[in-house]
Colleague: 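Have a look at this one.
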Amino acid sequence: MKPNTDPNQEMKQNAAFEAVKHVKNGDIVGLGSGSTAAYAIKAIGERVKKENLHIMGIPTSYQAFQLAVTYSIPITTLDEHPQINITIDGTDQVTPELKLIKGMGAALAREKIVAAASQLNVIIADEQKKVRLLGEKGQAVPVEVLPFATALAKQKIAMLGGTALVREGKGKLGPTITDNGNFILDCLFGEINEPETLEIKVKMIPGVVETGFFIGLTDIVYIGVKDGIEKIERLRK
Ligand code: 5RP
């Protein structure tokens with residue numbers, strides 16, 4: 001097996017363990033994507049086994065689906081369970097106001113659908129994901145687009161002050177293809193003061209399927225830091 005060389009592994013793992021404590025018997029659980037969410041899926045699988053927990057998972061990607069199978073988590077669909085009790089997912093950036101950029105794993109569209117269907121959204125991260133403003137440190141906003149709309153979307157994003165690059169695939173030639181058969185545009189806007197407004201403008205571009213802005217969706221964030229875990233919480237109105 002390849003050794004895990006991720007320097008933030010422990011922080012991600014600690015945040016995941018804390019989040020998984022929220023899962024209760026009988027829950028429908030949204031399973032996030034990415035390396036941090038993978039720790040949560042593994043920990044959920046361990047609870048299913050040890051505590052004989054009866055839950056069902058809804059994966060947000062083929063990655064999450066395969067991990068759920070590996071860790072023997074029973075799977076269901078959003079069609080069967082359009083109301084999800086809890087979703088645990090990772091993030092690429094998080095502000096103190098619980099605004100996020102997600103999608104560096106190209107799973108943003110399904111992740112946002114699952115988050116919108118969830119009563120409780122718990123986000124897990126290591127301390128490198130903490131920012132004051134979204135877009136800091138050269139972070140791009142991933143945007144999923146229909147392949148047919150790529151050129152138009154790039155033009156429209158430039159008109160909004162951004163630079164959009166088609167994400168290249170790894171292990172294949174040409175663009176990354178999402179689990180929905182679309183392309184990802186990584187859009188650089190610099191530091192973003194009003195992500196709510198920008199999200200609406202990007203979402204209005206014909207052919208845009210979803211943006212990586214996750215605003216007003218998150219209830220709790222657990223951030224693994226060097227000497228423990230930080231918790232940020234918001235109260236739903
Ligand atoms: C995938 C995501 C991931 O949750 C996000 O990219 C964080 O990944 P990681 O935990 O590997 O840093 O949004 O679309």
Side-chain angles (χ1 to χ4, degrees), residues 2 4-20 29-44 57-68 84 86-95 98-116 118 121-131 134-145 167-170 175-188 195 199 202 208-215 217-225 229-230:
K2 231 170 66 182
N4 192 334
T5 52
D6 184 346
N8 298 326
Q9 188 184 166
E10 208 178 313
M11 295 183 209
K12 292 180 179 187
Q13 230 165 7
N14 291 344
F17 286 153
E18 208 53 40
V20 164
V29 184
L31 305 172
S33 302
S35 59
T36 319
Y39 287 122
I41 298 175
K42 182 168 186 250
I44 292 169
I58 301 189
T60 54
S61 62
Y62 290 130
Q63 180 222 16
F65 172 80
Q66 286 174 330
L67 287 169
I84 298 173
I86 173 171
T87 289
I88 302 174
D89 203 350
T91 190
D92 298 297
Q93 289 197 326
V94 52
T95 71
L98 305 191
K99 298 176 189 180
L100 316 178
I101 288 178
K102 284 181 52 54
M104 290 314 289
L108 60 121
R110 292 189 192 198
E111 287 172 334
K112 200 183 279 188
I113 293 164
V114 166
S118 298
N121 279 299
V122 183
I123 292 294
I124 49 180
D126 60 86
E127 64 183 2
Q128 279 191 355
K129 309 291 179 61
K130 277 166 71 171
V131 291
L134 297 180
E136 267 178 32
K137 305 185 216 166
Q139 173 66 51
V141 182
V143 174
E144 181 161 342
V145 288
R167 190 181 298 176
E168 289 297 308
K170 286 208 179 89
T176 294
I177 309 292
T178 70
D179 290 354
N180 313 306
N182 297 315
F183 291 176
I184 294 286
L185 289 178
D186 284 316
C187 304
L188 290 165
E199 179 187 16
V202 176
V208 165
V209 174
E210 197 45 86
T211 83
F213 288 119
F214 281 55
I215 294 161
L217 286 168
T218 303
D219 299 291
I220 299 173
V221 179
Y222 287 112
I223 303 173
V225 292
I229 297 162
E230 277 179 23

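By convention here, the first residue in the shown sequence is residue 1. Order of appearance sets the numbers: ligands from 1, and atoms from 1 within every ligand.
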Colleague: Hey, are Asp89 and Lys102 close enough for a salt bridge, meaning a charged N less than 4.0 Å from a carboxylate O?
Modeller: yes
Colleague: Mind checking what residues have non-hydrogen atoms under 4.0 angstrom from ligand 1?
Modeller: Ser33, Gly34, Ser35, Thr36, Asp89, Gly90, Thr91, Asp92, Lys102, Gly103, Met104, Gly105, Ala106, Ala107, Leu108, Glu111, Lys129
Colleague: Working note: Thr211 + Lys112, criterion side-chain contact (heavy atoms from CB on, under 4.5 Å); need CA distance, chi angles, decisive distance, verdict.
Modeller: CA-CA 9 Å; Thr211 83; Lys112 200 183 279 188; 3.5 Å; yes
Colleague: Among Lys12, Gln9, Gln63, find the one that has a side chain to side chain donor-acceptor pair (under 3.5 Å) with Ser35.
Modeller: Lys12
Colleague: Side chain of Asn8, backbone of Asp126: donor and acceptor closer than 3.5 Å?
Modeller: no
Colleague: Looking at Arg110, Glu210, Glu144, which one forms a side chain to side chain donor-acceptor pair (under 3.5 Å) with Thr178?
Modeller: Glu144
Colleague: Look only at the side chain of Asn121 and the backbone of Asp219, and say whether a donor-acceptor pair between them is shorter than 3.5 Å.
Modeller: no
